[in-house]
Amino acid sequence: MADKPQPVRLLYCAVCSLPAEYCEFGPDFEKCKPWLIKNAPEIYPNLLQEANEKEAEKVSERLQSVGISAGGADEAAQPSQPGETSSSKKEEVKRLPGGKIKKKEKLEVVIEKVVRNRRKCITVVKGLELFGIKLTDASKKLGKKFATGASVVKGPTEKDQIDVQGDIAYDVVEFITETWPEVIESSSSLVLLSYASMLHFLYSLVFSFIAQRTIKFGMTSV
Amino acid sequence: MFKKFSSEEVSAQNQVKASVQRKIRQSIADEYPGLEPVLDDLLPKKSPLIVVKCQNHLNLVVVNNVPLFFNIRDGPYMPTLRLLHQYPNIMKKLQVDRGAIKFVLAGANIMCPGLTSPGGVLDDEVEAETPVAIMAEGKQHALAIGFTKISAKDIRKINKGIGVDNMHYLNDGLWKMEHLD
Ligand SMILES: [Zn+2]
């Protein structure tokens with residue numbers, strides 16, 4: 001009898017069930033992309049680049065509005081300490097190319113402003129659950145306070161986040177620290193970054209907080 | 001064939017008697033000599049072999065709730081794609097060009113030009129009415145199981161119309177039926 005052939009173990013996509021190389025022909029390639037970037041980057045080497053390029057396009061489209069907010073934010077950044085700023089800058093840059101994944105260990109609330117078609121934007125609040133805050137409650141409170149739509153959605157790294165319609169990035173910090181005193185602001189700093197070779201402006205407002213533990217607030221507009 | 005296939009189309013499900021089991025085993029071994037060394041693992045003599053009869057004279061060979069082969073009436077047994085992916089070299093292969101992929105995955109039969117174009121590959125040894133693995137340009141794994149209507153040589157010569165019937169393809173009903181309860 002001939003040698004036993006070993007069965008090939010093929011990587012099937014966890015999203016659409018097809019072999020990873022066929023995701024592009026599957027029912028919804030867009031949905032597979034986050035999984036592919038994580039699990040089969042060698043099959044679609046262009047995915048990560050493509051994702052970044054898309055970002056870059058969006059950014060260049062709204063350069064103007066970013067410029068305006070940058071002006072306003074500058075004043076808020078007055079009390080920043082130079083040493084701290086550069087260290088948080090480094091962290092942000094390192095994290096992003098990896099797909100914003102490794103945030104689990106860090107006890108921080110991240111506020112992200114996502115701009116759509118120039119003027120419309122969404123403020124994303126991530127990480128509240130790390131402080132034992134119920135996200136459904138929080139989203140209701142946020143919606144009420146800012147008279148807008150707020151909902152709990154699954155984030156790109158399968159963690160829940162709150163999406164709030166409109167740009168409330170500056171007010172939301174105050175609101176959070178007032179509503180949930182366990183999240184305390186200790187100092188704040190503003191960082192303006194350009195990232196990789198892309199036209200990629202990472203516009204980030206970093207607040208550090210100290211409760212019983214060290215806590216950070218980051219605001220990024222990606 | 002499996003486009004809208006689901007467990008609802010099962011009309012009977014029988015554990016077959018030993019003589020039939022031997023017959024099925026023998027015809028699979030004849031059709032796929034490359035599988036012979038692992039046939040004892042795939043179709044263990046001790047586990048019951050279930051033949052699931054479905055509509056349109058379709059039979060599924062199921063072991064431990066996993067569909068492994070199918071055939072129509074008394075036709076040749078063909079492996080499911082999940083099984084073929086494990087043992088990719090048990091069947092002859094034909095390759096379609098990249099442009100044909102989306103049609104094959106929508107269930108279309110394979111047209112001759114998709115096999116004869118620069119992206120396609122034809123194995124001239126393949127006769128008519130033979131089960132084949134359908135590969136695709138730029139891909140490593142099979143995307144469908146086909147049954148040739150005409151020989152590979154005729155596909156090359158005639159070069160129009162349907163050359164291979166698409167029996168089973170990625171994401172069809174049989175693909176989704178990973179387990180049969
Ligand atoms: Zn997929």
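In this text the structure is predicted, and so the values were computed from the model without any measurement.
Note: Tyr12(A) and Trp175(B) meet the aromatic proximity criterion, with ring centroids under 6.0 Å apart. Between Tyr44(A) and Phe29(A), the distance from one ring center to the other falls under 6.0 angstrom.
Heavy atoms of Glu178(B) lying under 4.5 Å from chain A are absent altogether. Using a 4.5 Å cut-off between heavy atoms, Asn89(B) makes no contact with chain A at all. Contacts between Ala106(B) and chain A at a heavy-atom distance below 4.5 Å are absent for every atom of the residue. Of the atoms belonging to Gln6(A), it is backbone heavy atoms, and not side-chain ones, that fall under 4.5 Å from chain B. Looking at Leu170(B), the atoms closer than 4.5 Å to chain A (heavy atoms on both sides) sit in the backbone and in the side chain alike. For Leu10(A), the part lying under 4.5 angstrom from a heavy atom of chain B is the side chain only. If you measure heavy-atom distances from Leu35(B) to chain A, you find no contacts under 4.5 Å at all.
Between Pro88(B) and Val8(A), the shortest heavy-atom distance links the atoms CD-CG2, 3.7 Å.
Counting non-hydrogen atoms of other residues, nucleotides and ligands closer than 6.0 Å to CG of Asp28(A) gives a total above 12. Taking a 6.0 Å sphere around CG of Asn64(B), one finds it holds 12 or fewer heavy atoms contributed by other residues, nucleotides or ligands.
A perpendicular orientation is assigned to the rings of Phe69(B) and Tyr77(B), their planes being inclined by more than 60° (bins at 30° and 60°).
Ranking Arg82(B), Arg98(B), Lys102(B) against chain A, the residue ahead of the rest is Arg98(B), based on heavy-atom pairs under 4.5 Å.
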